[in-house]
2 protein chains.
Amino acid sequence: MREESTKRRMTRQRRIILEELRMLRTHPTAEELFQIVRKRMPRISLGTVYRNLDVLCQSGLVLKLESAGQQAHYDGDVSQHYHIRCRRCGKIEDVYPEEVNGISDPTVCRRDYQIIGWSLIFEGICPDCSEDIVAENSN
Amino acid sequence: MREESTKRRMTRQRRIILEELRMLRTHPTAEELFQIVRKRMPRISLGTVYRNLDVLCQSGLVLKLESAGQQAHYDGDVSQHYHIRCRRCGKIEDVYPEEVNGISDPTVCRRDYQIIGWSLIFEGICPDCSEDIVAENSN
DNA sequence: GTGCTTGCAAAGCTTTTGCAGACCA
DNA sequence: TGGTCTGCAAAAGCTTTGCAAGCAC
């Protein structure tokens, strides 16, 4: 069965979540963003924040920074840039392309951090799944 | 109070977990590795697998792939390489340095995948935490 | 009016932890 | 023998989901 694309609606909740996230220079968790949005919409629920962040990610308007086992962080800036995470407090900050001098020598990226390591992860659709998707859509 | 370094023991469980992980070319979750190790040690518990993977990561013998979706994945190969994750099935595969032609043009990384994006995450200790650590150790 | 979305609360999943007994060095 | 480690089970923490009412289009 072909998956129909769902018609999204720009609800007040969705708009405010996006607005607030874009105003932040930090990369809040869903919970943190919930606390912020709550000031403008006291009755909004955490579940709604999660649902909307998910929709916004799928639309490409928001970036989800996943870190397994812990809380995901969200980024309202989808332009090309990288991140640095503090292994102790979990805070995530931006790293801009001009700060990085190549993946083979990434130690010189932010002078104020003690760099321990880095990871480069590509995202895509594997050959098996590509086949499945084609099969699904040919029904 | 200064943290004393703990004396680690190479128990049968720890050894087998490391052995099995090193034999795999995949990057299993704790649960998956648990199922594998279980065949050799039927009474091992999932908690033990988690605890040992944590110890092995701290020793630098194992890599924890956190930014890899919901569950953490573990890698027994700690030599320099990158990863690619399928956004549909969650599978993680290796990407070797020679396949990557620079972070500004990462689309040419694996011909058999449809690349959607990539992320570069640095890990370190932020300035605030560095201060805290110094303060803690000066007691 | 249709059907996507919300608030609320409960459920689900992954990971962590407390404890008593077991085991490595 | 001492202190680390294990198995078991319960707890913790983050995220998802079911449902009836609400709202965007």
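A quick note: this is a predicted structure, and the numbers were derived from the prediction, not measured.
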d(CZ, A/Phe34; P, D/dT16) in whole Å: 15 Å

Applying side chain to side chain contact (heavy atoms under 4.5 Å, CB included), can you list everything that pairs with A/Gln13, at least two apart in sequence or on another chain? A/Thr11, A/Met41, A/Ile44, A/Thr48, A/Asn52

May I ask you to decide if A/Arg9's main-chain N or O and A/Arg14's side chain share a donor-acceptor pair within less than 3.5 Å? yes

For nucleotides 5-15 of chain C, give me one character per nucleotide, 5' to 3': B if any protein heavy atom sits under 4.0 Å from the base, S if the only such contacts are to the sugar-phosphate, - if neither. SBBB-----SB

Tell me which pairs pass ring-ring contact (aromatic ring centres under 6.0 Å, His included) where either residue lies in residues 38-77 of chain B, with sequence neighbours left out. none

Who else is in the cluster with A/Met23 when I, L, V, M, F, W and Y are joined by side-chain contacts under 4.5 Å? none

Inter-axis angle, terminal five-pair segments of the helix from C/dG1-D/dC25 to C/dA25-D/dT1 [nearest 10°]: 50°

Sequence neighbours excluded, which residues qualify as side chain to side chain contact (heavy atoms under 4.5 Å, CB included) partners of A/Ser59? A/Val55, A/Leu61

All side-chain hydrogen bond (donor to acceptor under 3.5 Å, both in side chains) counterparts of B/Glu19, not counting sequence neighbours: B/Arg15, B/Arg40

What is the distance from CZ of B/Arg15 to P of D/dT6, rounded to the nearest Å? 12 Å

Among pairs that include at least one residue of residues 15-34 of chain A, which meet ring-ring contact (aromatic ring centres under 6.0 Å, His included), considering only residues two or more places apart or in two chains? A/His27-A/His83

Sequence neighbours excluded, which residues qualify as side chain to side chain contact (heavy atoms under 4.5 Å, CB included) partners of B/Asp77? B/Asp75, B/Ser79, B/His81

